[in-house]
Amino acid sequence: MTADPTEVRLGFADARLRVVGVSHYQDALMEIAGADVGQAARHEATAALVPEPDNPHDPNAIQVTIGGRLVGYLSREDAVRYRPAVNILRESGKVLACAAVIGGRGPDSETANLGVFLQLPWPTEAEMEARSVAGR
């Protein structure tokens, strides 16, 4: 599978973020991870961060997609912190992409849902790198 040429992966992935709202996207997550209901899963993927300014609940909302499928959102706080980097890249026709893991449901799990976890640079580093990539 060829990488999307508009996706930009930034370095220094020091921050680990939990994606919110994943309970609404369990079917997509199970399909992407190749997991059955109740089965433990750990699947590595690439996620894209896509601004959703028309979101009726939060104008700063940032979707998290994997393989073009919506799997959740950044938390309100994380969306505000990562919005500058996402917007800088978006204005230059690029999408912020990062390593992601879909996982959960082990024997000691507290939930039957799969979760999504992202690896990103700290927000200030992401913004500086995005500026460099965009030539700003």
Engineer: Do Leu29 and Val22 have side chains that get closer than 4.5 Å, going by heavy atoms?
Structural biologist: yes
Engineer: Can you give me the closest heavy-atom contact between Asn113 and Ser23, atom names plus distance?
Structural biologist: ND2-CB, 3.5 Å
Engineer: Looking at every heavy atom in both Ala35 and Ala41, which two are closest together, and how far apart are they?
Structural biologist: CB-CB, 3.9 Å
Engineer: Got Leu120 and Leu10 here, is their nearest side-chain heavy-atom distance under 4.5 Å?
Structural biologist: no
Engineer: Do Ile88 and Val86 share a hydrophobic cluster (ILVMFWY, side-chain heavy atoms under 4.5 Å, transitive)?
Structural biologist: no
Engineer: Going by heavy atoms in the side chains, are Val101 and Arg42 under 4.5 Å from each other?
Structural biologist: yes
Engineer: Just wondering, do Tyr82 and Leu74 contact through their side chains at under 4.5 Å, heavy atoms?
Structural biologist: yes
Engineer: Check Gly11 against Pro121 and note the closest heavy-atom contact, atom names and distance.
Structural biologist: O-CG, 3.0 Å
Engineer: For a quick test of reading the model, state the closest non-hydrogen atom pair linking Leu118 to Ala47 and the distance between them.
Structural biologist: CD2-CB, 3.7 Å
Engineer: With a 4.5 Å cut-off on side-chain heavy-atom distances among I, L, V, M, F, W and Y, is there a chain of contacts connecting Val8 to Met128?
Structural biologist: no
Engineer: Could you tell me whether Arg81 and Glu77 have a side-chain N and a carboxylate O separated by less than 4.0 Å?
Structural biologist: no
Engineer: Tell me, please, which residues at least two apart from Gln63 pass side chain to side chain contact (heavy atoms under 4.5 Å, CB included).
Structural biologist: Val50, Glu52, Thr65, Leu70, Tyr73
Engineer: Taking all heavy atoms of Cys98 and all of Gln119, pick out the closest pair and write down the distance.
Structural biologist: CB-O, 3.2 Å
Engineer: Indicate, with yes or no, if Val19 and Val95 share a hydrophobic cluster defined by side-chain heavy-atom contacts under 4.5 Å among Ile, Leu, Val, Met, Phe, Trp and Tyr.
Structural biologist: no
Engineer: Do the side chains of Val20 and Phe117 join up, straight or via other hydrophobic residues, at under 4.5 Å, putting them in one cluster?
Structural biologist: no
Engineer: Using only heavy-atom distances, determine whether the side chains of Thr46 and Arg9 contain a donor-acceptor pair under 3.5 Å.
Structural biologist: yes
Engineer: Treating Arg83 as the side-chain partner and Ala61 as the backbone partner, does any N or O pair qualify as donor plus acceptor under 3.5 Å?
Structural biologist: yes
Engineer: Tell me whether Leu114 shares a hydrophobic cluster with Tyr25, the cluster being built from Ile, Leu, Val, Met, Phe, Trp, Tyr side chains joined at under 4.5 Å.
Structural biologist: no
Engineer: With sequence neighbours left out, what residues match Ala45 under side chain to side chain contact (heavy atoms under 4.5 Å, CB included)?
Structural biologist: His43, Ile66
